[in-house]
2 protein chains.
Amino acid sequence: MQLEDYAVLINDALNRQETIVFGCHCTIRYSGRAESRLSHGDRLFIIKRDKALLIHQPHGSMPINYMKAGSTHSVVFLDGELRFKAVNGAAKESIEATISRVHFFNSASLQDGEVIELVGSERDMSDMLYSNPEMIEEGFTAASREEQTKYGFIDVFGTDKNGVLTVVECKRYGADLSAVTQLRRYVEKVMVSKGITKVRGILAAPKITENAKKMLEDWGFTFISVKPPKYLEDENKRQARLDGF
Amino acid sequence: MQLEDYAVLINDALNRQETIVFGCHCTIRYSGRAESRLSHGDRLFIIKRDKALLIHQPHGSMPINYMKAGSTHSVVFLDGELRFKAVNGAAKESIEATISRVHFFNSASLQDGEVIELVGSERDMSDMLYSNPEMIEEGFTAASREEQTKYGFIDVFGTDKNGVLTVVECKRYGADLSAVTQLRRYVEKVMVSKGITKVRGILAAPKITENAKKMLEDWGFTFISVKPPKYLEDENKRQARLDGF
DNA sequence: GGGGAGAGATGCCGC
DNA sequence: GCGGCATTTCTCCCC
């Protein structure tokens with residue numbers, strides 16, 4: 001297979017809306033929101049049926065260059081090399097690659113309409129706390145859950161055992177300074193909206209950094225250690241127990 | 001090629017540290033920080049030489065499941081299907097896929113030691129402002145740039161024409177509420193550290209949301225519209241000018 | 001389409 | 001390793 005033959009192969013596959021994968025030796029230039037150059041090396045190109053483009057180096061998790069779905073791709077053979085060009089008009093972005101060798105190539109009409117089911121998000125965490133307010137604090141009453149209240153996107157909003165309005169902010173990961181400032185912003189908004197000065201803030205997360213804890217305490221807020229729920233893990237544990245018998 | 005033959009192919013390629021790509025019909029389960037399930041459909045599997053795993057649906061920019069570099073992968077043929085398993089981090093995370101058909105397969109020893117050159121980051125933006133303080137304000141004097149001052153990671157720190165201490169926070173994208181709270185946090189930290197009450201805050205970004213602008217003004221801070229630098233674009237423009245003659 | 005916030009965020013750099 | 005923060009963040013949801 002000659003290098004120029006891949007131009008036909010790629011353009012045909014693009015027209016057929018196939019998923020395209022090829023490994024090649026190339027240089028790459030990107031221009032758009034930022035700009036980048038990448039000198040000679042082996043990379044993996046992926047073009048999906050929705051015309052999303054991913055260019056990967058042979059290491060690392062993230063694409064080294066990419067373009068969103070709805071882009072326009074073309075390949076021409078010129079001066080003994082393939083000139084690949086991707087353009088996203090809406091985003092005013094473009095990628096140009098000069099390909100001097102193709103190591104392998106494949107394309108196929110992949111079909112997949114499935115949507116992933118994911119458990120353990122922050123939303124699941126706030127659902128859990130809303131349904132089990134005693135996990136927040138003894139005597140806590142949950143009033144609203146991740147609803148667009150006029151106070152903002154508050155995860156859980158309610159009153160403590162003393163009837164004090166309380167904002168609960170959930171983080172599925174370790175809480176940092178920005179989590180505290182976010183909570184602070186919500187608490188201040190509730191205070192201004194309600195015209196009151198006593199509003200509590202609770203940060204619920206698996207853990208919290210030292211600096212964030214200090215800032216939290218400076219503002220009189222409370223930290224509670226909560227992990228996001230994992231149904232499948234619970235299933236596995238139950239299964240393990242059953243298997244034990 | 002029989003389905004079971006791919007087990008040998010994949011395991012051999014793993015041992016040779018090749019970059020592996022294959023399209024297949026499968027179901028996927030993930031368990032780790034969160035948990036997920038994905039029912040039958042066609043997907044693209046990528047395993048890199050550093051053992052990073054990416055699983056893509058035939059649409060969208062992001063992998064539907066993934067595992068970081070340094071994972072352990074294995075494939076066995078069982079009950080007429082391929083059982084793929086990836087494990088990482090002392091078995092804290094794992095992906096299991098049941099593959100009922102392989103549409104295509106490729107592996108190759110891709111080599112690439114190049115590092116991308118990228119222009120237009122926030123760092124480039126703060127460099128630009130530090131070197132050209134008149135872009136911030138007439139009469140501005142820049143004292144430090146993105147240094148680990150005892151006040152935190154302040155992008156540009158200096159004094160305005162009246163000698164008032166000023167914190168400049170850069171955003172390469174549109175500034176939002178969290179950008180304002182970040183600036184606020186730095187300003188407050190400088191005020192406490194220096195024991196003074198008059199510290200200015202300037203937010204430098206291409207644009208700012210309406211709510212963020214309101215909060216900024218409530219706090220007496222200033223917004224200036226600055227875009228991140230793009231050398232290549234400048235080059236192109238210069239080239240276009242030259243071509244015009 | 002803009003705004004706001006999460007993500008199995010990831011990756012980078014500094015201490 | 002943790003911490004703090006940018007990212008060509010991307011994606012989703014809601015107004």
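In what follows, chains carry the letters A, B, and so on, assigned in the order in which the sequence lines appear, proteins first and then strands, with residues in each chain numbered from 1.
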Report task. Quote, to the nearest angstrom, the P distance that separates C:dG4 from C:dG8. Result -> 23 Å
Query raised in the report: Contact class for B:Gln182 (heavy atom, under 4.0 Å): base, sugar-phosphate, or nothing?
Result: sugar-phosphate
Report summary line: Among the nucleotides D:dC10, D:dT8, C:dG8, whichever has the atom closest to the side chain of B:Tyr66 is C:dG8
Report task. Verify the stacking flag for B:Phe153 against D:dC5: centroid separation must be under 5.5 angstrom and the ring planes must differ by under 30 degrees. Result -> no
**Report entry** Atom C1', compared across D:dT7 and D:dT11: separation rounded to whole Å
**Finding:** 14 Å
Report summary line: From the candidates D:dT8, C:dG8, D:dC5, the one with an atom nearest any side-chain atom of B:Asn65 is C:dG8
Requested in this report: Report which part of the nucleic acid A:Ile64 touches: base, sugar-phosphate, or nothing (heavy-atom distance under 4.0 Å, all strands).
Outcome: base
**Report entry** Phosphate OP1/OP2 of C:dT10: any B:Arg33 side-chain N/O under 4.0 Å
**Finding:** yes
Query raised in the report: Of A:Lys207 and A:Ala34, whose closest DNA chain D nucleotide lies nearer the 5' terminus?
Result: A:Lys207
Requested in this report: Can you tell me, in whole Å, how much space there is between the C1' of D:dC5 and that of D:dT9?
Outcome: 13 Å
Query - Assigned partner base of C:dG8, Watson-Crick or wobble definition, under 3.5 Å - result: none
Query raised in the report: Which part of the nucleic acid, if any, lies within contact of B:Ser178, taking any heavy atom under 4.0 Å across all strands shown: a base, the sugar-phosphate backbone alone, or nothing?
Result: nothing
